[in-house]
Amino acid sequence: MHLTDETGEKQDMPQEETPEVPKIIQPRDHKAKICVWADLTVDDVDRINESLNADHIKNVLSDIFGLSDHRENLKSGIIMDLYYYTLQFARDNGFNREKTSAFFSIIKKTHEVCIETPFGNLDQTFNYFKALILCHAVNRPPHSIELFSADEVRKMTEYTINTYFRHFKMYKYAFTPLVRLDLAINYIGLPMPSPPPSEAGDKADETEAKEGETTEEKVEEDGAEGGADKSEEKEESGAKKELRTMIQTFLSEEIKKMKMSVEEQIKSTEDSINKKIELTDGAASPKKNPTSPKGKKK
């Protein structure tokens with residue numbers, strides 16, 4: 001639209017911008033790549049290794065990744081704890097600078113894949129983590145390098161499962177938005193719903209003030225048509241009630257189905273996590289010797 005000012009020139013009228021619907025990323029697979037020095041450079045690792053003080057390490061991380069508000073902002077505090085304890089694990093296991101940088105990037109990229117979508121993507125995240133580990137444990141250049149040994153791979157896998165994937169849903173809850181579905185149903189061919197009683201009363205008062213005619217003649221004319229109108233109104237009200245009951249029953253059934261599917265997905269996710277944890281615990285525990293001296297008969 002255009003407006004004319006005092007000089008007669010046309011000016012564009014400001015238009016209201018309609019808010020765009022945010023696009024939600026669906027769960028997807030990611031391709032793993034070598035990530036040595038991807039997030040922490042040589043100078044960054046040297047700065048971190050200069051001091052054993054936890055506050056100094058957190059200050060260095062806040063300078064590198066812009067987490068200066070980690071004491072006030074809860075999300076920044078969670079990220080800071082994740083980064084700090086990842087570096088602490090690398091230091092406890094005697095990782096050199098290359099291994100420290102690679103393991104830090106593996107945890108960081110795994111977390112980024114986890115929080116990129118509010119939907120469940122446990123399988124995609126865990127598969128991406130395993131692919132990242134293999135990229136740094138197998139000598140197959142240029143696709144992968146042999147940086148970690150088999151024992152270090154086992155330790156990193158156990159640490160990540162016990163610390164990160166055990167709290168997978170908590171990370172999703174803290175870093176992903178809540179998705180809600182709002183339904184608006186319009187039925188073609190049905191009359192518009194009647195206004196609320198307050199609005200109807202206001203409109204009736206306005207019409208009575210504006211109209212100056214008497215209602216005696218109208219009552220005589222509408223006397224014959226009153227019975228037919230009432231019967232039609234009863235039929236319309238009965239149809240509306242039937243339609244309302246049909247919609248309510250349909251929606252209640254659909255909501256029950258959605259709840260059952262969500263519960264099944266949660267249960268399957270928990271079962272898969274427990275199976276993976278049991279597999280790693282079983283691989284870590286030493287095998288018992290079947291021919292023990294207690295089993296021999298005298």
Side-chain angles (χ1 to χ4, degrees), residues 27-52 54 56-58 60-61 63-65 67 79-116 121-168 171 272-288:
R28 56 184 179 177
D29 296 326
H30 293 266
K31 186 177 181 181
K33 295 181 181 179
I34 300 172
C35 55
V36 182
W37 313 122
D39 298 295
L40 292 178
T41 62
V42 179
D43 296 334
D44 296 336
V45 177
D46 291 338
R47 289 175 61 191
I48 292 170
N49 292 332
E50 283 177 358
S51 177
L52 298 175
H56 178 267
I57 295 174
K58 290 183 178 180
V60 174
L61 290 174
D63 294 337
I64 297 171
F65 300 102
L67 300 173
I79 293 293
M80 179 61 72
D81 290 339
L82 178 65
Y83 291 170
Y84 171 75
Y85 288 108
T86 299
L87 295 174
Q88 192 65 33
F89 172 82
R91 176 174 290 180
D92 293 340
N93 288 274
F95 287 178
N96 56 16
R97 293 183 295 181
E98 291 82 1
K99 292 181 180 180
T100 301
S101 177
F103 181 63
F104 182 87
S105 297
I106 288 171
I107 298 297
K108 183 175 182 294
K109 292 181 182 298
T110 302
H111 175 68
E112 290 173 354
V113 172
C114 168
I115 65 173
E116 72 175 1
N121 61 343
L122 175 62
D123 294 335
Q124 290 84 355
T125 305
F126 189 73
N127 292 333
Y128 182 63
F129 167 73
K130 291 191 297 183
L132 286 173
I133 292 291
L134 290 176
C135 281
H136 301 83
V138 179
N139 187 14
R140 187 170 169 257
H143 303 286
S144 61
I145 57 175
E146 190 176 0
L147 183 63
F148 297 105
S149 63
D151 185 59
E152 291 172 343
V153 169
R154 180 183 60 81
K155 291 179 180 179
M156 290 188 298
T157 305
E158 290 178 357
Y159 170 79
T160 308
I161 291 174
N162 292 326
T163 58
Y164 189 84
F165 285 102
R166 280 187 183 272
H167 306 91
F168 187 82
Y171 284 107
S272 63
I273 292 173
N274 292 328
K275 287 181 181 178
K276 292 175 182 177
I277 293 170
E278 290 176 359
L279 290 175
T280 54
D281 293 340
S285 61
K287 296 181 179 179
K288 295 182 179 180

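What you see is a predicted model, and the numbers here were worked out from it, not measured in a lab. Throughout, numbering of the chain's residues begins at 1 and tracks the sequence.
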Check: Should the pair Y171 and H111 be assigned to parallel (<30°), tilted (30 to 60°) or perpendicular (>60°) ring geometry?
Finding: perpendicular
Note to self: Just verifying a value: how many Å separate F126 CZ and T160 OG1, rounded to the nearest 0.5 Å?
What the structure shows: 9.0 Å
Margin query: Taking the side chain as everything from C-beta on, heavy atoms only, tell me whether K108 gets closer than 4.5 Å to T86.
Written below: no
Notebook entry, point to check: Are any non-hydrogen side-chain atoms of F65 and L40 less than 4.5 angstrom apart?
Noted result: yes
Item checked: Any side-chain heavy-atom pair of N121 and F168 under 4.5 Å -> yes
Margin query: Going by side chain to side chain contact (heavy atoms under 4.5 Å, CB included), Y83 matches just one of L67, D39, I107. Which one?
Written below: L67
Check: Tell me, do E50 and I57 make a side-chain contact under 4.5 Å, heavy atoms counted?
Finding: no
Pair up each side-chain donor or acceptor in residues 129-143 with any protein partner under 3.5 Å, not counting sequence neighbours, and list the distances.
from : atom 1 : to   : atom 2 : distance (Å)
H136 : ND1    : L132 : O      : 2.8
H136 : NE2    : C35  : N      : 3.1

Next item on the list: Report the distance from atom CG of N127 to atom OG1 of T110, rounding to the nearest 0.5 Å.
Entry: 11.0 Å
Notebook entry, point to check: Shortest non-hydrogen contact from V153 to T157?
Noted result: O-OG1, 2.7 Å
Notebook entry, point to check: At what distance, to the nearest 0.5 angstrom, does CG of D46 lie from OG1 of T41?
Noted result: 8.5 Å
Next item on the list: Could you verify whether a donor N or O on one side chain and an acceptor N or O on the other, from H30 and E116, lie under 3.5 Å apart?
Entry: yes
Check: How many angstroms lie between CG in L147 and CD in E152, if you round to the nearest 0.5 Å?
Finding: 8.0 Å
Item checked: Test item: T125 and F165 side chains (from C-beta on) under 4.5 Å apart, heavy atoms -> yes
Notebook entry, point to check: Can you find a heavy atom in the side chain of R97 that is under 4.5 Å from one in the side chain of W37?
Noted result: yes
Check: Mind checking whether Y164 and F89 have ring centres under 6.0 Å apart?
Finding: no
Note to self: Within the 4.5 Å heavy-atom criterion, are L61 and L87 side-chain neighbours or not?
What the structure shows: yes
Next item on the list: Take E98 and V45, measure what side-chain contact (heavy atoms from CB on, under 4.5 Å) needs, and give me the verdict at the end.
Entry: CA-CA 9 Å; E98 291 82 1; V45 177; over 6 Å; no
Item checked: Short N-O contact, R47 and D43, less than 4.0 angstrom -> no
Check: How long is the gap from CZ on F104 to CZ on F95, to the nearest 0.5 Å?
Finding: 14.0 Å
Notebook entry, point to check: What's the spacing between F103 CZ and M156 CE if we round to 0.5 Å?
Noted result: 6.5 Å
